[in-house]
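In what follows, chains are A, B, ... by sequence order, proteins preceding strands, each numbered from 1. Only a predicted model underlies this, so the values are computations on that prediction, with no experimental measurement involved.
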Amino acid sequence: MSVDPTSAQATASDVARAVRVKRVTASAVIEAALARIAARDGVFNAFTTVTAERARKKAATIDETIAAGGDPGPLAGAPFAVKNLFDISGVSTLAGAKINADLPPAPRDATLIERMELAGAVLLGGLNMGEYAYDFTGENSHYGPSRNPRDPSRMTGGSSGGSGAAAAGGLVPITLGSDTNGSIRVPSSLCGLFGLKPTYGRLSRARSFPFVDSLDHLGPLARSTEDLALSFDAMQGPDEDDPVCTERPAMPTLPLLDQGIGGLRIAVAGDYFERQLEPVAAEAVASVAKALGTTRKVVIANAAAARGCAYVITASEGGTLHLDRLRQRPQDFDPDTRERFMAGALTPAAWYIKAQRFRRVFRAHTLKLFDEVDVILAPGTPTTAPSLGQKTMSIAGVDMPVRANLGIFTQPISFIGLPVVAVPIQRPEGLPIGVQVIARPFNEQAALRVAAWLEKEGISAAPPA
Amino acid sequence: MQPEDDTGAYVDAMARVIGLPIDPVARDKVIANVEVARTIAGLALAAPLPDATENAPVFEP
């Protein structure tokens, strides 16, 4: 039985299929999504801007294209929304900051929005986030916290908090986020969503507000692996507006998504990734490994040091980026980021350069593992969603700050730009938690195939809350 | 001096050098955050690297 394409359950793929065969109009899909946002976002606080008129116009254009016998694109009529660090034409790019509300409206959409809309998707607005993306919680003193649709008293995780809330809450099937140290994978884990942090440089970052140039990635969050692949494929390709964006041609992942796991060598990350986590996180990894039939373990050596270097690079580049704003408007920063940015701006060059040099060594050692395995499994977060406002959490019997430690397992991986699909494990008795499916650079395909197989086998799923 | 005192002196001096005013109320939190970075990165900062391990201006994963 096919899903109602105007319902919260519909994936972007469901919508596009229905729109393309004229079972529903794009306009009806968009009106239904706008109604869901109006009805439910008062609780989730996911959207900071709803671009309703723009969306209605775009939907009407798609319906006209179909009526005229044209091709509306593979994402025809699929609603999506973006973390508010993406430029949206006519809207000030907030990046979660009160200070940025004074910026003039962006003159042009971010490249990834342009590519999604070229494929027929319809932008519905900008989404809440932690200030300037220096965040793992989804909290924000200016715009309020995004709330976890699985339990609104809990954090979404961040910094792409609104991206997690909007997708998990069934407001839109696909959201775009950014991930510097885990900001797609942490909300995917805490909100129970599929998330794709592609290889560093794979997707253009043009016309998005930066955080840490050395580590910034953009990517999708969704409720199905098909939607991840569909949107990823629509967004791939070189872009001269982002000097980091790869010149490799796009490599479509959707055609091979259902190829299964045959031929893939899969292992679990040991050592660092088995310590400092709650049983719920370890059980999630174990359940995925068991389903995939692997007992193999590999050690990503020096992961703790890698995390430390990612921390230093983040602090230094982030603090330096915001130095003028820290000088001129310190009182307008979120109290949870201000002193961290200030400390980052003071980072000794010796630390920063050592961290960058260490990155090369860590990359070389880690890539050798991929001579023996294709995919490595690791926890997404050390525990499930903490409560809103919670400052410390107990992990393996040790109290530690929430804000700095939700990303301990994501940070060493993005440090060297490896592609990761976060797969959600739903727990009927409690909150969801994610597992990272990690592959070699530019092999998003392998991670997506594993995620799709886990979804097909019923191990992983992301129904709307 | 204790390491924390060293970090405090460094923060005060470096903030003046780069022209970053730090409110006295915020000073302790700034110092604490520099200490966190120093602690978390300690392992890597202490590890010797060969001279030929150069930084990567354009990082290729």
Distance col, row B:T53:OG1 vs A:R359:CZ, nearest 0.5 angstrom, shows 14.5 Å

Taking every heavy atom of B:P21 against every heavy atom of A:M342, the minimum-distance pair comes out as O-CE, 4.0 Å

Okay, A:Y311 and chain B: the region with an atom under 4.5 Å from a heavy atom over there is side chain

d(B:N33 CG, A:F341 CZ) to nearest 0.5 Å is 11.0 Å

To the nearest 0.5 Å, atom CZ of A:R338 lies from atom NZ of B:K29 at 6.5 Å

Separation between CZ (A:R360) and CD (B:E54), nearest 0.5 Å, reads 7.0 Å

Exercise. Look at the side chain of B:Y10 and the backbone N and O of A:L346, then say whether any donor-acceptor pair between them is shorter than 3.5 Å.
Key: yes

Most contact-rich option vs chain A, by heavy-atom pairs under 4.5 angstrom, among B:T39, B:I18, B:I22, B:V36, is B:I18

The reported gap from SG in A:C309 to CG in B:L43 (rounded to nearest 0.5 angstrom) is 9.0 Å

Those residues at least two apart in sequence (or on a different chain) that pass side-chain contact (heavy atoms from CB on, under 4.5 Å) with A:T347 are A:V312, A:A315, A:S316, A:W351

Looking only at heavy atoms, the pair that brings A:K354 and B:L45 closest together is NZ-O, 3.0 Å

TODO: Count the heavy atoms of every other residue, nucleotide or ligand shown that sit under 6.0 Å from CE of A:M251, and state whether that count exceeds 12.
DONE: no

